[in-house]
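This report refers to the structure that appears directly beneath it.
In this chain, numbering begins with 1 at the start of the sequence shown. None of the values given here were measured: they were computed from a predicted structure.
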Amino acid sequence: MTDRADIRHIETLTAMRGLAAIVVVVFHYSGGFLPSLTPSDYTSFLSKGYLWVDFFFLLSGYVMAHVYAREFRENLSGAAIRQFIFAWFSRIYPLHLVILLGFLTLEIGKLGLVTFGIGDASFPVFQGARSVESLASNALLLQTTGLHDGLTWNGPAWSIGAEWFAYLAFPILMLALMNRGRLLSILLIAGAILGLAVISDRGDNLDVTYDYGILRCGFGFVIGMLLHRLSDLAATLRLGHDIVALGLLAATGLLMHLGVRDIAIPPMFALVVLSLALNEGLVARMLSHPALLWLGAISYSVYLSHMLVLSLINVTSVTVFGKTMGRFLDTWPSLIVLAGLVAVVLALSAWLYRNVEVRGRNLLREGRFARRYIYRQP
């Protein structure tokens with residue numbers, strides 16, 4: 001079997017994952033939570049922040065193909081598939097469960113506040129988005145399969161449920177996609193982009209989550225896998241050159257700033273992923289800064305935890321003051337609070353990465369169940 005330790009780690013993509021996670025946090029924190037911050041008056045870049053989730057999907061597909069393509073071509077056995085699925089379950093589920101339990105604890109806290117009439121608390125408890133039924137579907141990673149009519153519990157976690165199904169399908173997709181020729185790969189990418197357009201009102205709004213989110217993820221994931229198949233062609237075309245990489249990043253940012261139709265952005269993300277994956281020049285050196293690599297390492301914790309922080313602050317503010325904190329703040333205080341909250345999320349995420357992500361993953365992979373049923377020798 002291929003030794004994955006020999007496979008090149010693409011630091012540029014790690015850094016971009018971290019930067020994208022920060023954009024998603026700012027997207028969720030501005031506007032509704034901090035109503036005095038209205039970046040949409042000046043740019044569509046942040047109001048289109050939900051599109052960076054599509055970047056995550058593309059990135060996941062590309063990185064998985066990069067890491068596992070050769071191994072699965074050499075040994076696509078039942079044991080290899082079992083170990084692959086368990087490894088990724090161990091990677092995503094501990095943090096997902098801990099954050100979900102955090103939301104459950106907060107909901108129980110709200111129940112206590114309402115029951116005992118503390119402060120100005122008047123919250124719906126275990127209703128709507130925080131119902132007991134939706135708690136079960138979230139625990140089972142089924143929150144993006146159309147079971148509910150809106151986002152539930154930890155809203156951003158819809159994409160984790162969607163990616164779980166992509167992981168389950170990955171071995172089959174490897175067989176179906178990775179030995180295709182260049183032309184067919186390009187046609188399949190075009191077909192996946194068309195699929196994204198179909199589920200997003202002809203490409204106008206890709207903020208598709210609880211209903212068709214699993215399809216949104218699937219199309220993006222497949223595009224990412226096929227991009228890896230086209231890496232040789234991209235290298236021949238010198239797509240990894242510094243000027244090309246910087247131009248693609250600038251063009252993507254400009255298109256998002258201008259608020260073009262959503263469907264135009266995933267193809268740009270695809271080119272950015274390919275270009276950065278191949279780049280070994282100035283851009284790679286810039287994105288390989290230790291701070292950016294650290295941000296990329298904790299990006300999963302950043303993405304999953306930031307809404308819990310926001311919810312806790314909202315519950316506290318409504319209980320004490322009768323309304324959410326952001327409604328007391330003008331523009332400059334809102335900017336200061338935003339910066340402070342991002343810092344809090346980063347600090348919390350660093351702790352979660354070390355104590356939940358890494359420890360949870362190791363506990364599952366080294367536990368008795370894994371030794372007996374997952375990594376057992378024939």
Heavy atoms only: give me the nearest His228-Ala69 pair and the separation to one decimal. CE1-CB, 4.4 Å
Would you call the rings of Phe89 and Tyr93 parallel, tilted or perpendicular if under 30° counts as parallel and over 60° as perpendicular? parallel
List the steps, then state whether side-chain contact (heavy atoms from CB on, under 4.5 Å) holds for Met325 with Asn314. CA-CA 7 Å; Met325 180 180 68; Asn314 276 338; 5.8 Å; no
Is it true that a side-chain atom of Arg229 and a backbone atom of Leu177 form a donor plus acceptor pair closer than 3.5 Å? no
Side chain Ser317, main chain Lys323, donor-acceptor under 3.5 Å: yes
Quick one: are Val208 and Trp158 in side-chain contact, heavy atoms under 4.5 Å? no
Would you please classify the geometry between the Phe321 ring and the Phe328 ring as parallel, tilted or perpendicular, with 30° and 60° separating the classes? perpendicular
Taking the side chain as everything from C-beta on, heavy atoms only, tell me whether Phe103 gets closer than 4.5 Å to Ile99. yes
When rounded to the nearest 0.5 angstrom, what distance separates OG1 in Thr12 from CG in Leu293? 9.5 Å
Name the orientation class of the two ring planes belonging to His66 and Tyr62 (parallel below 30°, tilted from 30 to 60°, perpendicular beyond 60°). parallel
Do Leu254 and Leu276 belong to the same hydrophobic cluster, where Ile, Leu, Val, Met, Phe, Trp and Tyr are linked whenever their side-chain heavy atoms lie under 4.5 Å apart, directly or via other members? yes
Find the distance between CG (Leu59) and CG (Asp54) and round it off to the nearest 0.5 Å. 12.0 Å
Under a plain distance cut-off of 3.5 Å, with no hydrogens placed, do His148 and Ser137 share a side-chain donor-acceptor pair? yes
Distance check, rounded to the nearest 0.5 Å: Ser299 atom OG versus Trp294 atom CH2? 11.0 Å
Measure from the side-chain N and O atoms of Glu11 to the backbone N and O of Ser288, and report whether any donor-acceptor pair falls under 3.5 Å. no
Can you tell if the side chain of His96 reaches within under 4.5 Å of the side chain of Asn154, non-hydrogen atoms only? no
Determine whether Asn279 and His241 make a side-chain contact, defined as any pair of heavy atoms from C-beta on separated by less than 4.5 Å. no
So do Val345 and Tyr29 actually touch side chain to side chain, heavy atoms under 4.5 Å? yes
Please tell me whether Trp52 and Phe27 form a close aromatic pair, meaning their ring centres lie under 6.0 Å apart. no
Return the minimal non-hydrogen interatomic distance between Ala20 and Phe56, and the atom names on each side. CB-CE2, 3.6 Å
Short question: side chain of Arg82, backbone of Tyr373 - any donor-acceptor pair under 3.5 Å? yes
Please check if any side-chain donor atom of Ser131 sits under 3.5 Å from a side-chain acceptor atom of Ser134, or the reverse. yes
Can you name the closest pair of heavy atoms from Leu278 and Ala234 and give their distance? CD1-CB, 3.5 Å
Looking at Asn205 and Asp207, would you say the former's side chain and the latter's main chain have a donor-acceptor pair under 3.5 Å? yes
Report the C-alpha separation of Phe57 and Ile223 in whole Å, then their side-chain angles, then the decisive distance to 0.1 Å, and conclude whether the side-chain contact (heavy atoms from CB on, under 4.5 Å) test is met. CA-CA 9 Å; Phe57 295 151; Ile223 292 171; over 6 Å; no
When rounded to the nearest 0.5 angstrom, what is the spacing between OG in Ser275 and CG in Asp242? 8.5 Å
According to a hydrophobic-cluster definition based on side-chain heavy atoms being under 4.5 Å apart (Ile, Leu, Val, Met, Phe, Trp, Tyr only), do Leu101 and Tyr353 belong together? yes
Parallel, tilted or perpendicular, judged at 30° and 60°: which one describes the rings of His306 and His28? parallel
Side chains of Pro266 and Leu206: closer than 4.5 Å at any heavy-atom pair? yes
Check the pair Glu357 / Arg91 against salt bridge (Lys or Arg N to Asp or Glu O under 4.0 Å), numbers first and verdict last. CA-CA 7 Å; Glu357 282 196 63; Arg91 167 73 174 85; 2.8 Å; yes
Taking all atoms of both residues into account, what is the closest heavy-atom pair of Ile10 and Ala277, and its distance? CG2-CA, 3.8 Å
4.5 Å side-chain heavy-atom contact, Arg130 and Ser311: yes
Compare all side-chain heavy atoms of Asp262 with those of Lys48 and state whether any distance is below 4.5 angstrom. yes
Can you confirm whether Leu175 is buried at CG, in the sense that more than 12 heavy atoms of other residues, nucleotides or ligands lie under 6.0 Å from that atom? yes
Looking at every non-hydrogen atom in both residues, tell me the closest pair between Arg365 and Ala87 and how far apart they are. NH2-O, 2.8 Å
Can you tell me if Asp41 has over 12 outside heavy atoms packed within less than 6.0 Å of its CG? yes
Could you label the plane-to-plane angle of the Phe84 and Tyr68 rings as parallel, tilted or perpendicular, counting under 30° as parallel and over 60° as perpendicular? perpendicular
Indicate the atoms forming the closest heavy-atom contact of Thr252 with Phe269, along with that distance. CG2-CE2, 3.7 Å
Are Met16 and Phe55 close enough, and set up right, to give a side-chain contact (heavy atoms from CB on, under 4.5 Å), and what steps lead you there? CA-CA 9 Å; Met16 281 299 298; Phe55 180 81; 3.8 Å; yes
Using modelled atom types and a 3.5 Å cut-off, is there a donor and acceptor pairing between side-chain atoms of Thr38 and backbone atoms of Ser40? no
Using 0.5 Å steps for rounding, measure from the CZ atom of Phe33 to the CG atom of Leu329. 8.0 Å
Counting neighbours of CG on Leu140 that are heavy atoms of other residues, nucleotides or ligands and sit closer than 6.0 Å, is the number greater than 12? yes
Hey, can you tell me if Phe170 and Phe72 have their rings parallel, tilted or perpendicular (30° and 60° cut-offs)? tilted
Check the hydrophobic clustering (I, L, V, M, F, W, Y; side-chain heavy atoms under 4.5 Å; chains of links allowed) and say if Leu287 and Leu282 are grouped together. no
Verify the distance criterion only: is there a donor paired with an acceptor across the side chains of Tyr303 and Ser159 at less than 3.5 Å? yes
Hey, which of Leu233, Leu248, Leu237, Leu227 is the one that makes side-chain contact (heavy atoms from CB on, under 4.5 Å) with Leu274? Leu227
side-chain contact (heavy atoms from CB on, under 4.5 Å) evaluation trace for Tyr167 with Ile85: CA-CA 7 Å; Tyr167 301 158; Ile85 291 174; over 6 Å; no
From CH2 (Trp164) to OG1 (Thr144), nearest 0.5 Å: 15.0 Å
